[in-house]
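Labels below follow one simple rule: chain letters A, B, ... track the order of the sequence lines, proteins then strands, and each chain is numbered from 1. Everything numeric in this text was worked out from a predicted model, so none of it was measured.
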Amino acid sequence: MSYNHQTVEPKWQQFWRDQKSFQVANQVEGKENFYLLVEFPYPSGNLHVGHWYAFCVPDIVARFKRMQGYNVLYPMGFDAFGLPAENAAIKRGLDPEKWTYENMDYMRQQIGAMGASFDTSREVVTCDPKYYRWTQWLFLELFKAGLVTQRDTHVNWCPDCKTVLANEQVVDGHCERCDNEVTKKNMKQWNVAITQYADRLIDDLDSLGWPDQIKTSQKNWIGRSEGSEVDFQIGNETVSVFTTRPDTLFGVTYFVLSPEHPLVDQISTDEHRESVVAYRQSVAAKSDLERTELNKDKTGVFTGAYAINPVNGESIPVWIADYVLITYGTGAVMAVPAHDERDHEFAHKYDLEIRAVIQNLENPFAKEGGEICNSDFLDGLDVKAGVEAAIDWLESNDKGRRKRNYKLRDWTVSRQRFWGVPIPIIHCPSCGPVPDPNLPVELPKIDDYLPREDGRSPLAKATDWLHTACPQCGEMGERETDTLDTFVCSSWYFLRYCDPQNDQAFADREKLDAWMPVDLYSGGSEHTTMHVLYSRFWHKALHDLDLVPGVEPYTHRMNRGLIMGPDGNKMSKSKGNVIDPDAVVKELGSDTVRMYLAFIGPYNEVGSYPWSTQGIVGVRRFIDRVWRLREKVAATGDDVAVPLHKAIKKITEDTASLKLNTCVAELMTLGKIFEKTTAIAQSDFEIFLQLLAPYAPHLAEEIWAEFGHKDSITQSAWPVYDESCMVADTVTYAIQVNGKVRGQLEVAADADKDTVLAAAREVENVAKWLSDGEIRKEIFVPGKIAGFVVS
RNA sequence: GCUCGGGUGGUGGAAUUGGUAGACACGAGGGACUUAAAAUCCCUUGCCCUAAACCGGCGUGCGGGUUCGAUUCCCGCCCCGAGCACCA
């Protein structure tokens, strides 16, 4: 009878539920804890192939580690607040809460049908007041520590979502969620001081064994550069500039302020005021995208003012130009057209002086006109050494300050949207912003939750909720109406998994000590400069407040690849190339899908793999073959010790390093060997089933039970290989002449060098090649190569 | 432009302290079983040479180098993907 996954799989899923097979205690005597984390999903309403790839393939590792004797935490939950759920609800005219909870119910079923070994008793739902009470509490801890402030901020505004976005949520000038073009606004917003942690976020990466790709992405995003700050006088005002090239100070020929710089009005002369005002208006009207467009012609106007270069007292013109950004450095730059491409382009256009700096040891700051030059130092002095020398010179003349700058901006966390965590702050006319001690501050029920054009959150419509007394002085105040960015919710959810029911604290410290840091965190590469960066920061901030152990939340982070449609393109409804996992599971089974996804490519590398409707059939054929193999099982069978122990070794090592595709290949190879036997010893086949169990758990359980086992195979101990069982009686040597293989030789495994080489000479084809000349050298690689060099 | 990955059959991919390139799977071709088909099983499958096999030659993006031997190490290019990008 052929294998019927439609009855077998639900049976074992029910068994695991009934037995609470995957509920994990925080401590188990004699077992080491292992925390495996996957990113929890948005409750979008349906699981797609990407979810399967994200949840089921790491599940192989969870099951493997469990059998190896680890106490494994593999939890699941829902990232339930935020724009995706809200926008979907708006589109369908539904209540976001109802929509979200219905979706979660459906997705729980789908996740159950995967057969993944999640500990569902630890489920975390971020829109549940029992959860977001602690999101609010943690937010207030950061507020009290001075890491959260409300202030005027140059923000990214999505006109479609009608809310502020963090820098990380703007992709190439477009909203990360809806892809509309983002505009700039100046608004009073809540900011979290992630920039205070910029250095630690970079430097602590060194201690983590993460892939370089992830580390460098984060470093690029944080964008640290080292240089110095130099003061220029403009009239009575002192304006600092940040420069990475203080060694070019003698080549400064003009000075540029960002159009938004607060001093522009003050320093502009009457003669130039009109053009300055006009220019500032034209810049303000531009979107971020227009302003930063590549190869854009540089523009700017002269203010009429002059600045004094501190190193030589020279008077240089002050311009404003939008290639200088108000959000970086001091919003002002010293322009060195001979040594900076942008300054050069600008100087060329507006006919400003270009002056190169030639540095040598006798006369360090000689000057000379010229075109742009990149190598500025003679006699082997490199730029870095020159910069160091320049900073020394500036400091000895009381002009220099060493300074670091970052591209990273503070994290703007307030959102003008309904479906999020209310910011637990009360604005009091006398006391200012005051934390609300009565947590949770629940999201008010309102009928019209649509976002508004004016930038005010819809929560402002809940007037009863809005007006409340100041917890400090009792005066009537107003609640903050903005909600928190959903990335705040996800910055600590992995902590809550350690202690999900706790109503006294966000998590008990002992339980955090037991589980944290996460041993392996698998997720999508799109979160490298969003969620992963935010949560690292959040964790460090909590650590500084002595709320969590350790400075890093994740020991190892890996980015998974992408499953593409059968045509090689990203799956999308419009392309008609979407694979519905539910349909495939119905046809071929959950074991087949998960094993196929493991087989499709290495999980420890970021790649994109096209789904092959034919390829998955190959995996199903293997499952059917295993099912048929069990009929050959007897008390004793053929000797398969060598391939069996090789397979144990290979699968143990490669599962641990997430090369799951080669493990599936090895299982298939071993399956073929069993097919060639006349009978299979039950003890051998049980080892095979154990190796198979993480990959095809339902099938493995079914046959395991057929053999009379009462306990789940997931509770059995992972097989251990024995090196002595892996030694074959004979080995095959490749025989090379001048590096080319000319023959093969099978000899006893323990044959020594002389024996092998002597026999190798006699191999017919080899002898022919040796007769051409004299043997100059002999090569011997035990067990592999015997070789001769002739000439 | 800077940074980090990567380029292997018709396809997805194996194999690197340098040691028989192409495991495993898909696809393709041939055969067995069958009245027939499906399913299953067996054989072949990098390219060239050959009727076929042996033998031989070529072959891991391109060009050099080191070595008895290079997908692997070194130098110089090309291409693809990802991140950053008017960041001073």
Side-chain angles (χ1 to χ4, degrees), chain A residues 2 171-172 211-225 227 241-245 248 256 258 291-296 298 321-325 327-336 339-343 345-346 405-409 525-526 528-529 559 564 568 596 599-602 605-619 621-622 624-625 628 650 659 661-669 671-672 675 732-744 764-765 768 775-791:
Chain A
S2 67
V171 180
D172 292 330
D212 283 340
Q213 204 170 6
I214 302 178
K215 288 187 184 186
T216 45
S217 276
Q218 291 209 345
K219 284 181 189 169
N220 281 344
W221 182 261
I222 296 166
R224 176 162 72 189
S225 51
V241 295
F242 171 72
T243 177
T244 54
R245 295 291 306 275
T248 63
V256 195
S258 159
R291 220 180 128 161
T292 57
E293 216 173 343
L294 279 174
N295 304 321
K296 186 178 77 78
K298 294 208 170 14
D322 71 352
Y323 80 90
V324 176
L325 309 173
T327 49
Y328 185 77
T330 62
V333 303
M334 56 180 229
V336 191
H339 300 276
D340 183 281
E341 251 183 86
R342 295 150 302 175
D343 297 343
E345 190 191 327
F346 192 80
N405 249 309
Y406 310 88
K407 293 184 204 169
L408 184 72
R409 304 267 65 82
S525 57
E526 71 275 19
T528 299
T529 56
N559 288 346
M564 315 303 271
Y596 173 63
F599 190 49
I600 202 167
E605 288 172 25
V606 183
S608 57
Y609 309 107
W611 178 280
S612 164
T613 46
Q614 285 159 332
I616 192 171
V617 170
V619 173
R621 282 180 197 148
F622 169 69
D624 286 331
R625 276 203 292 274
R628 272 180 257 125
K650 174 87 177 157
K659 290 192 274 183
N661 52 335
T662 55
C663 293
V664 176
E666 189 67 24
L667 287 166
M668 289 172 165
T669 305
K672 278 190 192 174
E675 273 167 0
T732 305
Y733 277 83
I735 307 160
Q736 298 183 343
V737 180
N738 289 343
K740 286 192 189 291
V741 179
R742 298 299 181 188
Q744 292 196 347
E764 193 188 331
N765 194 44
K768 194 177 85 188
I775 294 175
R776 303 274 177 208
K777 193 177 172 183
E778 290 174 339
I779 313 288
F780 183 72
V781 181
K784 283 181 179 168
I785 302 286
F788 305 95
V789 182
V790 295
S791 61

(message) Whole angstroms only, please: what is the CG-P distance between A:N220 and B:C84?
(response) 8 Å
(message) Just the rounded figure in Å: distance from P of B:A85 to CG of A:D172.
(response) 8 Å
(request) Would you indicate which nucleotide in B:C41, B:U3, B:C24 comes nearest to any side-chain atom of A:T216? (result) B:U3
(message) Holding to side-chain contact (heavy atoms from CB on, under 4.5 Å), I want the full list of residues that pass it with A:V324, two or more places apart in sequence or in another chain.
(response) A:V256, A:S258, A:V333
(request) Only counting residues at least two apart or in another chain, list the ones meeting side-chain hydrogen bond (donor to acceptor under 3.5 Å, both in side chains) with A:S225. (result) A:Y328
(request) Report yes if at least one side-chain N or O of A:R742 is closer than 4.0 Å to OP1 or OP2 of B:G57; otherwise report no. (result) yes
(request) Starting from the 5' end of RNA chain B, give me the residue, A:N405 or A:E675, whose nearest nucleotide shows up first. (result) A:E675
(request) Indicate, with a heavy-atom threshold strictly under 4.0 Å, whether A:N765 touches base, sugar-phosphate, or nothing. (result) sugar-phosphate
(request) Between B:C41, B:U20, B:G56, spot the one nearest the side chain of A:Q744, thanks. (result) B:U20
(request) Treat a base pair as Watson-Crick or G-U wobble with both distances under 3.5 Å, then lay out RNA chain B in dot-bracket form, 5' to 3', with | for cross-strand pairs. (result) (((((((..(((......[....)))((((((.......))))))(((.......)))..(((((..]....))))))))))))....
(message) Once ring-ring contact (aromatic ring centres under 6.0 Å, His included) is applied, do any residues pair with A:Y733, and if so which ones, sequence neighbours excluded?
(response) A:F780
(request) Using the test salt bridge (Lys or Arg N to Asp or Glu O under 4.0 Å), find all partners of A:K298 that sit at least two apart in sequence or belong to another chain. (result) A:E345
(request) List for me each residue that meets side-chain hydrogen bond (donor to acceptor under 3.5 Å, both in side chains) alongside A:T528, sequence neighbours excluded, and say none if there are none. (result) A:N559
(request) Have a look at B:G5 and give me syn or anti from its glycosidic angle (syn if within 90° of zero). (result) anti
(request) Using ring-ring contact (aromatic ring centres under 6.0 Å, His included) as the criterion, list what pairs up with A:F242, not counting sequence neighbours. (result) none
(request) Give a yes/no answer on whether the side chain of A:R625 brings an N or O atom under 4.0 Å of OP1 or OP2 in B:U40. (result) no
(request) Could you tell me which residues satisfy side-chain contact (heavy atoms from CB on, under 4.5 Å) with A:T529, sequence neighbours excluded, listed by chain and number? (result) A:W221
(request) Not counting sequence neighbours, which residues clear side-chain contact (heavy atoms from CB on, under 4.5 Å) with A:R625? List them please. (result) A:R621, A:F622, A:R628, A:E675
(message) I'd like to compare against my own output: the B/S/- annotation of nucleotides 7-17 of chain B with a strict under-4.0 Å heavy-atom distance to protein.
(response) -----BSS---
(message) Measuring to OP1 and OP2 of B:C24, would you say a side-chain N or O of A:K672 lies under 4.0 angstrom away?
(response) yes
(message) Assuming nearest nucleotide by heavy-atom distance, tell me which of A:S525 and A:A734 is located more 5' along RNA chain B.
(response) A:A734
(request) Sugar-phosphate means primed atoms, P, OP1 and OP2; the rest is base. With that split, encode nucleotides 64-71 of chain B 5' to 3' as B, S or - using protein heavy atoms under 4.0 Å. (result) ----BS--
(request) Would you mind telling me which of B:C24, B:A82, B:U40 lies closest to the side-chain atoms of A:R621? (result) B:U40
(request) Provide, to the nearest angstrom, the distance between the CG atom belonging to A:L408 and the P atom belonging to B:C84. (result) 13 Å
(request) Describe the nucleic acid contact of A:K298 in one word from base, sugar-phosphate, nothing, applying a heavy-atom distance below 4.0 Å. (result) base
(message) In this structure, how many angstroms lie between the P atom of B:A82 and the CG atom of A:D212, rounded?
(response) 19 Å
(request) Taking only the side-chain heavy atoms of A:V741 (C-beta and beyond), determine which of B:A82, B:U3, B:U20 contains the nearest atom. (result) B:U20
(message) Could you tell me how far B:G13 sits from B:G1 if I compare only their C1' atoms? Round to whole Å.
(response) 34 Å
(request) Ignoring backbone atoms, establish whether A:N559 has a side-chain N or O less than 4.0 Å from OP1 or OP2 of B:G83. (result) no
(message) Considering only residues two or more places apart or on different chains, which pairs with a residue in residues 775-791 of chain A satisfy side-chain hydrogen bond (donor to acceptor under 3.5 Å, both in side chains)?
(response) A:R761-A:E778, A:R776-A:S791
(message) Using atom C1' in both nucleotides, what's the gap between B:G31 and B:C80 to the nearest angstrom?
(response) 42 Å
(request) Determine the Euclidean distance between corresponding P atoms of B:G81 and B:A32; express it in Å to zero decimal places. (result) 48 Å
(message) Taking any heavy-atom pair under 4.0 Å as a contact, classify A:T732: base, sugar-phosphate, or nothing.
(response) base
(request) Report the distance from atom NZ of A:K215 to atom C1' of B:A82, rounded to the nearest whole Å. (result) 18 Å
(request) Nearest whole angstrom, please: distance from the C1' of B:G18 to the CD1 of A:I785. (result) 11 Å
(request) Please work out if A:V324 contacts a base, only the sugar-phosphate, or nothing of the nucleic acid, heavy-atom cut-off 4.0 Å. (result) base
(request) Identify which nucleotide among B:C41, B:A25, B:G19 has an atom closest to any side-chain atom of A:M668, counting heavy atoms from C-beta outward. (result) B:A25
(message) Under 3.5 Å, is there any donor-acceptor pair linking the side chain of A:K407 to the base of B:C84?
(response) no
(request) Would you indicate what A:K219 reaches in the nucleic acid, counting non-hydrogen atoms under 4.0 angstrom: base, sugar-phosphate, or nothing? (result) nothing
(message) On the nucleotide B:A88, are OP1 or OP2 found under 4.0 Å from the side-chain N or O atoms that A:Y328 carries?
(response) yes
